[in-house]
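Before any comments, here is the structure.
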Amino acid sequence: MSLDHFLAQQLTDTKKAGLYRTFRTMESAPKRTNRIDGVEQLVFSSNNYLGLAADKRLADAAKLAIEEFGTGSSGSRLTTGNTTWHQKLETKLASFKQTEAALLFSSGYLANIGVLSSIPKQGDLILSDELNHASLIDGCRLSKADKVIYPHLHMETLEKQLKENMQYNRRFIVTDGVFSMDGTIAPLVEMRRLADKYEAYIIVDDAHGTGVVGESGRGTSEHFGVLSDVIIGTLSKAVGCEGGFVAGSSILIDYLKNHARSFIFQTSIPQASCASAYTALEIMDSDKGHLERLRSLSAQVRSGLTNLGFNIRGDETPIIPVMIGEADKAFLFAERLQAKGIFAPAIRPPTVPEGESRIRLTVTAEHQKRDIEHLLQSFYLIGRDMKVIGREKNFV
Ligand SMILES: *Cc1c(COP(=O)(O)O)cnc(C)c1O
């Protein structure tokens with residue numbers, strides 16, 4: 001049998017299981033609207049929370065850096081790929097996260113892999129939230145530590161698991177800061193208390209928290225006033241660029257430089273990416289307008305949908321999952337939104353549990369009042385027609 005024949009058979013199974021995925025093509029810059037497969041749509045599913053991904057100031061910074069330094073960094077950080085721009089961005093990241101130091105990775109995915117494959121060792125235990133991001137799960141798989149999973153945000157179970165596992169050398173609590181499919185925030189105050197009580201360390205993946213939660217957008221540490229032992233982040237969401245990072249103590253960063261294989265054996269990100277991310281962080285530090293707008297718009301969507309009778313999940317974040325139920329129904333709901341010019345995907349099993357299919361909305365600072373009105377009105381009409389909400393609700 002040819003390899004293609006074998007793979008085609010596998011794909012048939014993928015399709016039968018309803019798990020077959022295809023691309024949608026974005027034909028313009030990542031703004032509030034985008035031409036998607038030829039049709040202009042209002043985008044309510046992007047991670048470009050602060051609207052920085054198509055900001056001219058970031059593009060100008062990248063252009064200048066390309067002219068001066070070229071397009072590729074040409075080596076790993078430990079060979080020829082460590083430039084003034086990488087160091088400048090790391091200093092900026094450490095100051096943004098208010099930690100001693102920071103280290104760039106090529107992506108958030110690789111930062112998670114690097115941390116989890118190098119820090120928890122055989123004889124250690126990883127305690128992991130059941131809804132953790134795939135990159136944390138993959139990192140855990142690469143670690144020789146034992147693993148135990150606790151129900152989403154369930155601190156009683158976490159405490160029980162910690163208490164029962166004091167024989168391990170070290171215990172690592174691993175969690176998303178803001179959960180990508182649920183918009184929930186990890187309860188770091190209680191986690192810190194448990195970590196201190198049971199001699200454990202906290203590793204937080206703040207991919208959706210960075211730039212979004214906390215008084216000035218510094219992430220979940222700022223939101224709770226609690227420091228985690230290892231903070232992982234990405235430059236690809238609110239920061240609007242690409243690349244990942246780890247922030248923490250100088251010793252942590254020194255250790256990762258020497259032991260994280262996804263750091264050591266990879267070419268560093270281009271200087272132009274560092275320059276645009278640096279500019280984004282400067283904007284985030286000096287102008288809180290984007291963040292305030294993001295918060296106010298997210299709150300409007302949350303309260304608007306709740307008032308219409310929708311069942312929404314999550315904390316005060318721009319990630320707003322609207323529960324629909326059955327997978328087919330959620331799929332149809334998303335299609336009908338698209339017919340009204342709104343692009344927001346249905347999230348179905350196995351990404352979420354059976355019967356918990358949803359429309360995952362994300363709000364960005366770029367959305368306008370009329371976009372929110374159109375979104376709410378469309379949800380109202382479709383929701384009523386599909387009996388997701390009761391008929392007695394009136395749109396006001
Ligand atoms: C997006 C995401 C990542 C991966 O970050 P990239 O920089 O895109 O590789 C990691 N963790 C979480 C929770 C994410 O949402």
Handout entry: Cation-pi, Phe96 ring and Arg218 (6.0 angstrom, 45 degrees)
Key =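 Cation-pi check for Arg218 and Phe96: passes.
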Practice task
Give a yes/no verdict on a cation-pi contact between Lys88 and Tyr278, requiring under 6.0 Å between NZ or CZ and the six-membered ring centre and an angle within 45° of the axis.
Solution key: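 Verdict for Tyr278: a cation-pi partner in Lys88.
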Handout entry: Polar side chain donor-acceptor pair, Glu100 to Ser249, under 3.5 angstrom
Key =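 No - no donor-acceptor pair under 3.5 Å links their side chains.
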Exercise for the section: Please indicate whether Lys288 has more than 12 foreign heavy atoms, meaning atoms of other residues, nucleotides or ligands, lying under 6.0 Å from its NZ. Expected result: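 Yes, the 6.0 Å shell around NZ holds more than 12 heavy atoms from other groups.
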Practice task
Please indicate whether Glu215 has more than 12 foreign heavy atoms, meaning atoms of other residues, nucleotides or ligands, lying under 6.0 Å from its CD.
Solution key: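 Open: at most 12 neighbouring heavy atoms sit under 6.0 Å from CD of Glu215.
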Taking NZ, NE, NH1 and NH2 as the nitrogens, is one of them in [X] or [Y] under 4.0 Å from a carboxylate oxygen of the other?
| X | Y | value |
| --- | --- | --- |
| Arg77 | Glu90 | yes |
| Asp206 | Lys97 | yes |
| Asp182 | Arg360 | no |
| Lys369 | Glu373 | yes |

Exercise for the section: If the plane angle is over 60° it's perpendicular, under 30° parallel, otherwise tilted; pick one for His367 and Phe44. Expected result: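 His367 and Phe44: parallel rings.
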Handout entry: Flag, side chain of Arg358 to backbone of Glu356, donor-acceptor distance under 3.5 Å
Key =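 Flag set: sc Arg358 to bb Glu356 pair under 3.5 Å.
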Practice task
Run through Asn47, Thr220, Thr317 and flag the one making a side chain to side chain contact (heavy atoms under 4.5 Å, CB included) with His208.
Solution key: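 Testing His208 for a side chain to side chain contact (heavy atoms under 4.5 Å, CB included) against Asn47, Thr220, Thr317 leaves exactly one candidate, Asn47.
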Problem - Counterpart residues, ring-ring contact (aromatic ring centres under 6.0 Å, His included), relative to His374 (two or more places apart) - result: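 Counting only residues at least two positions away or on another chain, His374 forms no ring-ring contact (aromatic ring centres under 6.0 Å, His included).
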Handout entry: Smallest separation among heavy atoms of Ile173 and Leu162, with atom names
Key =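 Heavy-atom minimum between the residues: CD1-CD1, 4.2 Å.
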Handout entry: Residues Glu159, Arg193; criterion salt bridge (Lys or Arg N to Asp or Glu O under 4.0 Å); working and verdict
Key = CA-CA 10 Å; Glu159 174 153 28; Arg193 188 186 73 79; 3.8 Å; yes
Problem - Pair Lys63-Asp60, salt bridge (Lys or Arg N to Asp or Glu O under 4.0 Å): steps then yes or no - result: CA-CA 5 Å; Lys63 277 184 222 161; Asp60 287 345; 3.6 Å; yes
